Amino acid sequence: MRFVGVRDGRRVVVGRVFAPAGDQAADGGPPAEGAGGAGADGSTPSRLRVARIAEVDDFYADLPRWAEVARAATAADSEHDLDDLTLAPPVPAGARVLGMGLNYHAHAAETGLDLPKRPPIFGRWTASLVVDGTPVPVPPGERGLDWEGELAAVVGTRLTDVDEDTALRGVFGYAAFNDLSARRAQGASAQWTLGKNADRSGPMGSVVTADQVGDPGAGLRLVTRVNGEVVQDGDTSDMIFSVGRILSFVSRTVTLNPGDLLITGTPAGVGYIRTPPRYLGPGDVVDVWVERVGSVRNPVVDASARP
């Protein structure tokens with residue numbers, strides 16, 4: 001199953017996405033070469049419809065119940081075209097958003113840094129999260145934004161001091177994510193918080209349930225494109241720390257709740273490593289696609305578009 005967040009006044013409602021009968025688009029096909037990608041579900045949004053399930057806080061407060069309601073829903077219940085809706089990230093406003101600073105062997109090699117002995121965790125705020133198609137502004141004083149295509153995992157059950165297998169089984173679903181980074185702000189201090197929370201810098205795609213995706217450790221191709229050009233082409237089997245291991249590590253200190261979000265790190269190919277460094281500026285379009293999960297595509301604009 002695939003889920004999106006739908007804005008309804010001040011509320012966000014979680015909805016299940018349906019494709020027309022016989023159409024596999026909602027399963028998240030790869031973006032077209034040179035096109036910069038499709039919508040968050042790997043297809044043209046007008047082909048998809050949405051059945052509203054529950055308000056987002058209610059959805060995660062009783063996830064087993066609402067997941068069953070969603071499973072029982074049919075295409076006949078999908079009363080809304082996806083392109084007629086205002087979307088929002090399908091996670092609670094109070095969710096913890098945890099990022100990984102270095103989690104791919106190839107990315108560690110390109111930075112010249114030693115492999116971390118423990119998962120290097122940083123925090124994002126949900127206020128930085130946006131959806132497919134949202135213009136992302138470059139903050140003043142930055143040369144541009146750096147792309148970081150990633151796989152995000154949405155927690156589906158309460159996790160307190162759990163082992164790795166339990167933690168992995170506790171994942172509700174996965175989404176494509178772009179951990180867009182303001183590098184000057186990130187490097188201004190020993191803490192990364194500022195550079196990882198620029199306005200609208202966390203584009204997130206729709207959430208596909210874990211049973212459809214499988215274990216990311218078995219390998220999911222991850223591709224980032226800028227204006228149609230491939231800039232990252234990695235595989236989640238190259239992760240240093242598995243999804244289960246990261247969540248288990250965090251759960252030793254912080255109890256994770258349904259709806260919390262783990263951003264699992266980026267593969268090789270980021271912009272600041274290049275010679276010369278390359279950044280996203282106004283007019284660029286960046287697309288992140290993850291195999292069996294889908295994509296998220298966003299234009300970059302200047303600072304005048306900041307909220």
Side-chain angles (χ1 to χ4, degrees), residues 1 3 5 12-14 53-71 88-104 115-129 150-177 179 191-193 196-197 202 204-218 220 236-237 239-266 290 293:
M1 295 185 291
F3 294 92
V12 173
V13 175
V14 176
I53 302 301
E55 191 274 332
V56 65
D57 287 334
D58 292 340
F59 184 80
Y60 286 104
D62 195 354
L63 192 51
R65 172 194 172 194
W66 292 114
E68 284 302 318
V69 170
R71 288 189 187 93
V91 294
R96 274 79 60 88
V97 184
L98 304 175
M100 279 288 296
L102 193 69
N103 197 32
Y104 281 74
L115 298 183
K117 296 180 180 179
R118 297 176 183 84
I121 302 292
F122 64 85
R124 264 190 180 271
W125 293 298
T126 53
S128 72
L129 302 183
E150 308 201 12
L151 175 72
V154 181
V155 175
T157 189
R158 185 178 175 90
L159 301 175
T160 303
D161 199 18
V162 297
D163 60 35
E164 295 178 25
D165 289 342
T166 302
L168 183 62
R169 291 195 301 271
V171 173
F172 169 63
Y174 296 94
F177 196 94
D179 183 32
Q191 303 299 322
W192 292 1
T193 304
K196 293 293 189 176
N197 282 279
M204 176 184 179
S206 53
V207 176
V208 180
T209 50
D211 59 337
Q212 288 188 223
V213 178
D215 181 0
L220 301 171
T236 57
S237 62
M239 284 184 181
I240 298 168
F241 302 102
S242 68
V243 172
R245 185 174 178 188
I246 301 166
L247 292 175
S248 172
F249 173 77
V250 172
S251 79
R252 307 290 183 190
T253 304
V254 176
T255 294
L256 293 166
N257 294 313
D260 286 344
L261 190 66
L262 171 67
I263 313 163
T264 59
T266 197
V290 183
V293 175

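These numbers come from the heavy atoms of this one structure, side chains and all, not from hydrogens, waters or symmetry mates. Values in this document were obtained by computation on a predicted structure and should not be read as measured data. Quick note: residue numbers are just sequence positions, from 1.
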What verdict does the side-chain contact (heavy atoms from CB on, under 4.5 Å) test give for T236 and Y104, after you've listed the backbone C-alpha separation in whole Å, the side-chain angles of each residue and the deciding distance to 0.1 Å? CA-CA 8 Å; T236 57; Y104 281 74; 3.5 Å; yes

Do V91 and V12 touch side chain to side chain, with heavy atoms closer than 4.5 Å? no

Is any side-chain heavy atom of D260 less than 4.5 Å from a side-chain heavy atom of V254? no

Using 30° and 60° as the class limits, which term best fits the ring planes of F59 and F172: parallel, tilted or perpendicular? perpendicular

Less than 4.5 Å apart, side chain to side chain, heavy atoms only: is that true for F122 and D179? yes

N/O donor-acceptor pair under 3.5 Å between W66 side chain and D58 backbone: yes

Does any N or O in the side chain of T255 come within less than 3.5 Å of the main-chain N or O of T160, such that one atom is a donor and the other an acceptor? no

Which distance, rounded to the nearest 0.5 Å, do you find between the CD1 of I53 and the CZ of R71? 11.0 Å

Would you mind reporting whether F177 and L261 have side-chain heavy atoms less than 4.5 Å apart? yes

Point-to-point distance, once rounded to the nearest 0.5 Å, from CG of D57 to CG of D62: 13.0 Å

Within the structure provided, determine whether M204 and V154 are in side-chain contact (heavy-atom separation under 4.5 Å). yes

Taking C-beta and beyond as the side chain, do I240 and P116 meet within less than 4.5 Å on heavy atoms? yes

Just wondering, do F241 and S248 contact through their side chains at under 4.5 Å, heavy atoms? no

About how many Å separate CE of M239 and CE of M100, when rounded to the nearest 0.5 Å? 8.5 Å

Listing request: all salt bridge (Lys or Arg N to Asp or Glu O under 4.0 Å) pairs with a residue in residues 248-257, at least two apart in sequence or in separate chains. D161-R252

